[in-house]
Structure formats: structure tokens, C-alpha cells
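All values reported here derive from a predicted model rather than from experimental measurement. Chain letters run A, B, ... following the sequence lines, proteins first, then strands; residues in each count from 1.
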Amino acid sequence: MTRPGGLPGLGGRGTRRNLLLIALLCAVMIPLPLVLPPAQQAVAVRVLIFALMGLGWNLMSGFGGMFSFGHAAYFGIGAYTGAWLLVERGVSPWIGMLAGAALAAAFGLLIGFLSFRYKLRGAYFALATFAFAEMLRLIATNSDLVNRAQGYNVPLIQGSSLWMLQFPLGSPGYFWVALALVAAAVAVTWLFLRSRAGRFTIAVRDDETAAESLGVSAMRYKLLTMALSAAITSVAGAFYVQYYMFVDPDLAFGANVSIQAILPAVIGGVGTLWGPVVGAVVLGPLSDVTATLLRNPPEALSMLAGRAGLDVMLYAALLIVMVLALPKGLYGTLAERRRG
Amino acid sequence: MTVLEVNDVRKAFRGLHAVDGVSFTVERGAILGVIGPNGAGKTTLFDLIGGTLRPDAGRVVLDGRDVTGSPAHRVARAGLARTFQLMRPFASMTVRENVCVAALTRDRAGADERADAVIARVGLEPWRDTRAGELPTAGRKRLELARALATRPHVLLLDEVLSGLVPAEREPLLELLTGLRDAEGLTLVLIEHIMAAVMRLSDRVLVLDQGRVLATGTPEEVTRDPRVIEVYLGEERFDDG
């Protein structure tokens with residue numbers, strides 16, 4: 001009784017079409033950096049970093065239903081683990097990425113265990129995640145182990161090395177690596193949704209009491225989802241350091257990082273496979289578009305030229321309009337319509 | 001053989017004794033009806049047995065294993081399934097996905113086939129691909145039952161599954177339940193307001209009032225009991241259904 005193209009009992013969430021779509025999108029995107037001007041290429045890489053953070057957040061908060069306001073904790077752990085291992089020990093960023101993912105997952109388990117042990121829910125849970133991220137920011141700012149507020153500069157190497165994850169300025173290498181990471185994150189999410197663990201996680205999100213009464217340990221699947229979410233987000237942090245070649249406590253653990261992890265999913269569609277990617281594609285260029293628009297406004301709007309802060313206001317206004325017009329996100333709304 | 005033993009179980013909420021020293025046993029393959037006026041503690045009793053609530057005192061023994069105070073998922077794995085009076089569907093999933101989750105808690109292999117079989121048995125096939133959040137009440141009642149059955153329980157606690165159904169819909173479910181009892185030795189404990197169904201289905205009936213056992217016995221004994229008649233006098237529920 002298997003429906004073509006998917007496991008039964010999965011609805012549209014985990015069909016094989018999605019795997020095809022990942023491959024197809026990758027194929028289309030690979031030549032992109034070869035045709036984009038360098039400035040746009042930087043935007044494209046930023047879009048991919050956003051997408052990776054959003055995919056991580058969406059797993060825990062979208063599919064797991066545990067609203068996190070502290071994903072900076074995992075992003076920062078990924079960023080600092082990679083930076084520390086590279087700068088202090090000369091370890092390849094790839095190894096740093098794996099180590100960071102393991103540490104972030106462990107930290108996610110710790111936060112999760114404590115929060116659920118003391119039955120924090122909803123806004124209280126969100127505040128607890130925020131507090132843990134702030135705690136890490138303060139520790140990093142005050143700890144000699146990680147250079148206090150100075151943070152780390154990634155040492156430059158000669159030429160280009162995939163193993164050391166460093167490419168010359170304007171090389172398409174960064175884009176390709178980020179693209180591969182995002183594709184992997186979408187694939188992991190897809191596999192998770194198809195798995196027994198993924199379905200139990202969504203059951204717990206929909207109704208914890210009912211899931212428990214069927215034999216599903218809510219604690220176990222919540223923790224698992226948090227760990228996976230933390231690991232994915234930490235990879236974004238590790239890559240971020242390699243790309244921008246610098247990290248400090250605010251860039252890694254600041255509250256705006258947590259918001260950046262939330263926005264792609266909210267704009268694209270919370271709890272949908274493609275939502276964070278779609279959201280990142282919209283959000284990544286948006287701040288540039290508003291800045292450019294207001295720096296060189298068209299004739300009719302010339303009175304706006306040179307007013308500082310207007311671009312941020314426009315950016316914020318556009319976000320509000322999007323959330324109001326499409327409460328389930330761009331992708332979420334479209335998927336809903338198609339389903340009828 | 002005793003499958004479920006509940007011994008002097010108690011639960012108070014802020015001084016209110018919701019369940020106040022309830023004891024009973026159920027034999028394998030038996031059907032026990034639990035009746036009582038609103039607020040008698042019937043659903044709380046189910047919460048205590050199923051592990052949704054932790055009893056203040058007393059013991060719950062399932063298949064010879066003490067499961068008192070175990071979390072609900074452990075009790076479920078030990079072979080006890082329950083339905084909720086206030087239905088708790090996984091609203092974002094289809095009917096089939098709901099039942100699949102339940103089937104998957106037991107076995108990966110063949111979970112979809114088992115889910116489909118259960119869906120057919122409880123008459124949910126027309127709604128198989130409907131999202132559970134969009135089901136009408138009667139459909140949700142059946143979904144509760146379908147999910148519970150998909151876990152292949154030894155003991156099934158049913159909290160008013162028949163109430164949302166019109167009489168014509170009840171009959172096939174009653175037959176299904178007695179069929180499962182006869183064929184697989186399923187043990188049933190059911191809370192029900194529809195007296196005709198309780199009296200027909202149950203081997204024994206437990207009457208609760210204000211958290212205590214008012215009477216137990218065969219349906220005939222219980223309906224003749226003057227205390228039971230007194231409790232029900234204002235409600236006149238014996239004529240229902």
C-alpha cells in the first residue's frame with residue numbers, strides 16, 4: 001500500500017521527490033559563482049550560511065516544537081571550536097567542524113535535559129535557551145582560553161586548500177563548500193523526517209501526552225532533536241569563521257545570531273523541509289537591496305537619500321509585511337495551497 | 001489470571017480527593033465497565049493507571065509487573081493502551097500517519113500494513129488521508145481507538161469512545177471490541193456513559209462516586225444496588241442509548 005515516491009504515513013513531508021529536488025538545485029547552483037560578480041557572490045554565501053542556521057533551528061523549533069531563542073549558543077560553539085583548534089592547534093577546519101558539532105550537540109543535550117527536567121515550556125523554555133547563549137557569550141568574553149573579547153583571526157595560508165578550507169578572494173570554493181553543507185543539512189532533515197525518530201518527534205510536538213501514552217518517550221526524542229539541531233547550526237558557525245576569517249564573542253554568541261537562525265524559517269515556513277532555504281534566499285539579499293535602494297534612491301524618492309538607518313527600517317517593515325501576508329511563510333503557504 | 005491489579009490507589013489535587021482508595025482486579029480477557037456520575041474520578045483513575053499522573057499512594061500491577069508511578073511511555077510499552085475522552089489527535093498528521101506512529105512504537109517491520117488493517121477495522125478508511133485536525137468528533141473517537149489498537153495492547157482502557165457515535169456506528173465497534181477479546185484475549189476497561197452499551201459489554205461493572213468504589217459486581221447486581229440507583233437518580237442515565 002506504499003504510495004508512489006514515499007513511505008506511507010508521511011504525507012508530503014518525506015517523499016523521494018525532495019531528494020531529487022536537492023540534487024537538481026545543486027546542479028543548477030554549482031555554476032552560479034562563476035557568473036556572479038564578486039559582491040553578489042558574497043551575498044550568495046551569506047544566503048547559504050543563513051539557510052544552514054535556519055535548517056538547524058527549524059529542526060528543533062519547527063519540527064520539534066521547542067522554540068529556541070538561543071541558537072547562538074550552538075553557532076558560537078561551532079565557530080569557537082573550529083577557530084580555537086585551527087589557531088591554537090593547527091587542526092583542519094573540517095575536524096574542527098566535527099568537534100564543534102559534537103560539542104554543540106552535547107551542550108544541546110545539557111540545556112534540553114535541564115529545561116525538560118524542570119518542565120520549562122513555551123516562553124520560559126525560549127528564555128532559558130537565550131540565557132544559556134548569553135552565558136556562553138559572557139564566558140567567551142571573559143576567558144583567557146579563547147582570547148577574551150578579541151576573538152580569533154584565521155591565519156592566512158598560501159594559495160588555496162580545501163583541507164584547510166581556505167580559498168583566494170573571489171574563488172568559488174567557499175560557495176561550493178557552503179552549498180554542499182546546505183545540501184547535506186536538507187538531506188539530513190529529510191532523512192530525519194522519514195525516520196521513526198522523526199515521526200515520533202512530530203507526534204510529541206503535536207501532543208506530548210498522547211505520544212507518551214502510545215509508548216513514545218517524549219524526553220528522549222526531544223533531546224535527540226535538540227542535539228541534531230545544535231550540530232547543524234554549529235556547522236554554520238564553523239563555516240562562518242572560515243569565510244569571514246574572524247570571530248569574536250558577539251559575532252558568535254550575540255542575540256542577533258539567534259534571531260538570524262529564527263528568521264529564515266519564519267519567513268520561509270516553520271516546520272517545512274524547504275522553508276528555511278526559501279527564507280534565506282529572500283532574506284540574504286534583502287538587507288543589501290534596501291541599503292542600495294536607499295543609498296541611490298530612484299528620482300521619485302530622492303528626498304530619502306543619505307538618511308541613515310532608513311534601510312534598516314525598510315528591511316524591518318518588509319519583514320513585518322511578509323509575516324502578516326504569509327503567516328505560514330513563503331514555502332509553507334504555497335505548500336498549504338497545493339495540498340488544498 | 002489477573003492482568004491488571006489496582007490496589008488502594010489515591011490521588012488528591014489541592015486537598016480534593018479525586019481518587020480516594022480505589023482497588024479492583026481484572027482477569028485476562030474480561031471486560032470491566034467503569035461508571036459513575038461526572039466528577040467521580042473515572043478519568044483520573046485512568047490517568048493513574050496509565051502513568052499520565054503519578055498516584056499519591058497505592059499500587060498498579062500490570063501483568064505481574066509493578067508499574068506504579070512509571071512514566072506513561074513505559075506503561076504503554078508494558079502492554080497497556082488507552083484512549084482519551086478529550087481526544088488528542090496528532091493534528092498535523094493524517095489519520096494514517098497517526099496510526100502509523102502508534103504501530104511504529106512496537107515494530108518497524110510491517111507498521112504500515114498493521115496501521116492500514118486497524119484503520120479498516122475501526123471504519124476510518126474514508127478518512128485515511130484526512131488530516132486528523134480536520135476530523136469530526138466521531139472520527140477522532142475512532143482515531144483514538146485505532147491508535148490504541150495499533151500498539152497491540154494486552155489491556156485497553158477506553159474513555160468514552162462510544163459517546164461521539166450515533167447508535168448505528170456503535171454496533172460495529174462493539175463487535176470489534178468483543179471480537180478482539182474473544183480472538184486475542186484482549187482485556188478491556190471502559191468508562192462509558194451509554195449504559196446500554198456498558199451493561200451489554202461488561203462482565204463486571206465498577207461504580208465510582210466521589211473518588212471511591214460505590215459498588216462492584218455483574219451488571220445485574222449493580223443495577224439493582226440501591227446505592228447505585230440513588231447516585232444515578234438525578235441523572236437517569238440508565239435509559240440512555
Side-chain angles (χ1 to χ4, degrees), chain A residues 1-15 58 61-65 116-117 119 192-224 269-273 275 328 332 335-336 338-340, chain B residues 46-47 49-53 70-84 86-108 111-113 115-117 119-120 128-133 143-144 147-153 157 159:
Chain A
M1 297 294 283
T2 307
R3 247 178 279 171
L7 289 178
L10 273 171
R13 274 193 270 258
T15 54
N58 191 41
S61 303
F63 294 116
F116 303 138
R117 168 77 184 70
K119 303 205 188 309
F192 176 75
L193 291 178
R194 281 168 72 91
S195 73
R196 199 164 83 128
R199 290 198 252 180
F200 286 175
T201 299
I202 291 172
V204 169
R205 176 195 71 184
D206 282 1
D207 195 313
E208 188 168 331
T209 305
E212 280 266 336
S213 82
L214 296 175
V216 176
S217 165
M219 176 70 119
R220 181 180 188 170
Y221 290 99
K222 281 175 165 178
L223 288 180
L224 183 78
V270 175
T272 62
L273 178 63
K328 297 204 164 171
E336 193 100 323
R338 203 183 50 190
R339 186 146 56 176
Chain B
F46 271 19
D47 286 344
I49 298 170
T52 303
L53 290 174
S70 291
H73 67 94
R74 293 244 171 79
V75 182
R77 299 239 167 203
L80 182 137
R82 69 168 296 188
T83 67
F84 292 91
L86 303 170
M87 297 78 77
R88 293 178 165 277
F90 303 132
S92 76
M93 303 183 187
T94 66
V95 165
R96 195 181 196 209
E97 288 168 338
N98 266 265
V99 184
C100 266
V101 164
L104 275 170
T105 61
R106 289 306 174 276
D107 235 328
R108 270 166 229 256
D112 347 305
E113 286 79 9
D116 283 338
I119 287 169
R128 205 179 66 165
D129 296 317
T130 307
R131 274 218 265 179
L143 179 56
E144 285 284 327
R147 272 194 326 207
L149 288 175
T151 67
R152 288 196 296 209
L157 310 186
D159 199 345

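- We find that B/Arg82 and A/Glu212 are not joined by a salt bridge, their nearest charged nitrogen and carboxylate oxygen being 4.0 Å or further apart.
- Within a 6.0 Å sphere centred on CZ of B/Arg74, other residues, nucleotides and ligands contribute 12 heavy atoms or fewer.
- Taking CD of B/Glu144 as the start and OG of A/Ser213 as the end, the distance is 7.5 Å to the nearest 0.5 Å.
- Formation of a donor-acceptor pair under 3.5 Å by the A/Arg196 side chain with backbone atoms of B/Leu104 is found in this model.
- A donor-acceptor contact shorter than 3.5 Å is absent between the side chain of A/Arg199 and the backbone of B/Val101.
- In this structure, the separation between CD1 on A/Ile202 and CD on B/Glu97 is 8.0 Å, given to the nearest 0.5 Å.
- No part of B/Pro153 comes within reach of chain A, as not one of its non-hydrogen atoms sits under 4.5 angstrom from that chain.
- Summarising the geometry, atom CG belonging to A/Leu214 is positioned 9.0 Å from atom CG belonging to B/Asn98; distances are rounded to the nearest 0.5 Å.
- In this structure, the side chains of B/His73 and A/Val216 stay at 4.5 Å or more apart for every pair of heavy atoms.
- Side-chain polar atoms of B/Ser92 and A/Arg205 form a donor-acceptor pair below 3.5 angstrom.
- The shortest non-hydrogen separation linking B/Phe90 to A/Asp207 is CE2-O, 3.5 Å.
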